[in-house]
Amino acid sequence: MDTKPKLVIFDCDGVVIDSEVISANVLIDKLAVLGAQIDMAFVQQHFLGCQFATVAAKINSLLNITLPQAFELQYREQLLLAFERDLTVTNGIKEVLSALTVPFCIATSSSLPRTTKALAVVGLSDVFAGNVFTGSEVENGKPAPDLFLHAAKRMGVAPEQCLVIEDSFFGVSAAVAANMPVIHYVGGRHISYHNHPVAKTFPQVTALTDWQDFAQLMPSIMR
């Protein structure tokens, strides 16, 4: 995979920051209080890469639970506290970012306050300054292509000249729908690549297990 893109679009959670285990555990604990017993595999299958509104709708349809009005705010508050305590970047991402020779940005389903806080905690605020796009900026979240197309437009690059890095099935689906080349990053602690739906549905998509291998995969855009 050595076609030179003009822009790299990173998902944030599970790709730049190793946050998915933290956010899943907070969600699992809060849902347990409401009587729902779910695990990490359930979260990965149904919620990974989705906006909170989509997660809430799926909780209602799959678990028959209508979330209390205060649930989202309480979840976000607990999550930010957990981020301050436990959040790290994915192993090797800072070296990749410093070596890229083309522009890059973030396109995430997470809220802007959550993403801003997370990037500050891990010391990447300046690296992505002004180049963070969230699901609140488009009508349809992932797996619709809207967010990636929006990011490309704002960055002034044609969709086919972008490279998306995603960890979730919904994110990879969105990139494919946007007609953008995509790499499936599976190096986060939350990912079990065995029988992953991305591998089944999109066998043509390259999987990346370690950021140390990114330079070999994309030498044309790395110093």
Side-chain angles (χ1 to χ4, degrees), residues 1 3-20 23 48-51 83 87-112 114-138 141-143 145-157 159 161-176 178 180-191 198 205-215 217-218 220-223:
M1 187 174 187
T3 302
K4 184 175 181 178
K6 293 186 176 179
L7 173 70
V8 180
I9 304 176
F10 292 93
D11 177 45
C12 189
D13 294 280
V15 173
V16 173
I17 56 174
D18 210 354
S19 57
E20 292 292 7
S23 58
L48 197 66
C50 296
Q51 294 173 281
F83 276 3
L87 187 63
T88 62
V89 294
T90 52
N91 188 37
I93 185 62
K94 287 188 175 181
E95 289 77 10
V96 168
L97 295 174
S98 65
L100 278 171
T101 60
V102 296
F104 53 87
C105 66
I106 280 176
T108 176
S109 297
S110 295
S111 69
L112 183 58
R114 167 178 163 166
T115 304
T116 300
K117 177 67 174 181
L119 293 176
V121 167
V122 299
L124 289 177
S125 297
D126 291 343
V127 175
F128 286 102
N131 294 328
V132 175
F133 309 101
T134 68
S136 63
E137 299 173 44
V138 295
K142 303 171 187 177
D146 302 30
L147 181 56
F148 290 139
L149 294 173
H150 171 69
K153 185 176 181 179
R154 287 285 302 274
M155 297 293 290
V157 178
Q161 295 178 315
C162 299
L163 172 66
V164 173
I165 315 292
E166 264 287 357
D167 66 316
S168 73
F169 176 78
F170 295 114
V172 171
S173 299
V176 172
M180 295 180 180
V182 57
I183 290 173
H184 184 208
Y185 177 71
V186 294
R189 290 180 297 147
H190 64 294
I191 289 285
V198 167
V205 171
T206 299
L208 177 67
T209 58
D210 195 311
W211 284 120
Q212 291 184 353
D213 299 326
F214 186 76
L217 199 60
M218 300 298 302
S220 62
I221 60 171
M222 297 288 285
R223 295 186 182 88

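Values reported hereafter were calculated over all heavy atoms of this structure, with side chains retained and with hydrogens, waters and symmetry mates removed. When a residue number appears, it is its place in the shown sequence, counting from 1.
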Chi angles and distances behind the side chain to side chain contact (heavy atoms under 4.5 Å, CB included) call for Q212, E95: CA-CA 9 Å; Q212 291 184 353; E95 289 77 10; over 6 Å; no
Verdict with reasoning, F133 to R154, per side chain to side chain contact (heavy atoms under 4.5 Å, CB included): CA-CA 9 Å; F133 309 101; R154 287 285 302 274; 3.6 Å; yes
Closest approach of [X] and [Y], non-hydrogen atoms and distance?
| X | Y | answer |
| --- | --- | --- |
| S109 | L147 | N-CD2, 4.2 Å |
| K142 | D11 | NZ-OD1, 3.1 Å |
| I9 | A152 | CD1-N, 4.4 Å |
| S220 | T101 | O-OG1, 4.0 Å |
| A107 | A151 | CB-CB, 4.2 Å |

Evaluate the side-chain proximity of [Y] to [X]: yes if any heavy-atom separation is below 4.5 Å, no if none is.
| X | Y | result |
| --- | --- | --- |
| V122 | L87 | yes |
| F148 | C162 | no |
| S111 | T134 | no |
| S125 | T116 | no |
| I183 | F214 | yes |
| L217 | D213 | no |
| L149 | V138 | no |

Aromatic plane relationship, F104 with F128 - under 30° parallel, 30 to 60° tilted, over 60° perpendicular: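 F128 and F104: perpendicular rings.
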V15 and W211: CA distance, side-chain angles, deciding distance, side chain to side chain contact (heavy atoms under 4.5 Å, CB included) verdict: CA-CA 10 Å; V15 173; W211 284 120; 3.8 Å; yes
Donor-acceptor contact present, side-chain [X] to main-chain [Y], <3.5 Å:
| X | Y | result |
| --- | --- | --- |
| R223 | S98 | yes |
| Q51 | G135 | yes |
| H184 | D167 | yes |

Which value, rounded to the nearest 0.5 Å, describes the distance between [X] atom [atom1] and [Y] atom [atom2]?
| X | Y | atom1 | atom2 | result |
| --- | --- | --- | --- | --- |
| Q161 | L7 | CD | CG | 10.0 Å |
| K4 | M218 | NZ | CE | 10.0 Å |
| C12 | R114 | SG | CZ | 8.0 Å |
| M180 | L163 | CE | CG | 10.0 Å |
| I17 | D13 | CD1 | CG | 4.0 Å |
| T90 | I165 | OG1 | CD1 | 10.5 Å |

F10: which of T108, L97, V164 passes side-chain contact (heavy atoms from CB on, under 4.5 Å):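 The option that passes is L97.
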V186 and its side-chain contact (heavy atoms from CB on, under 4.5 Å) partner, picked from T209, V198, L208: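 So the option named by the test is T209.
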Crowding at NZ, K6 (>12 non-hydrogen neighbours, <6.0 Å): no
Heavy-atom neighbours of N91 CG exceed 12 at 6.0 Å: no
Flag for D18-T88: side-chain donor and acceptor within less than 3.5 Å: no
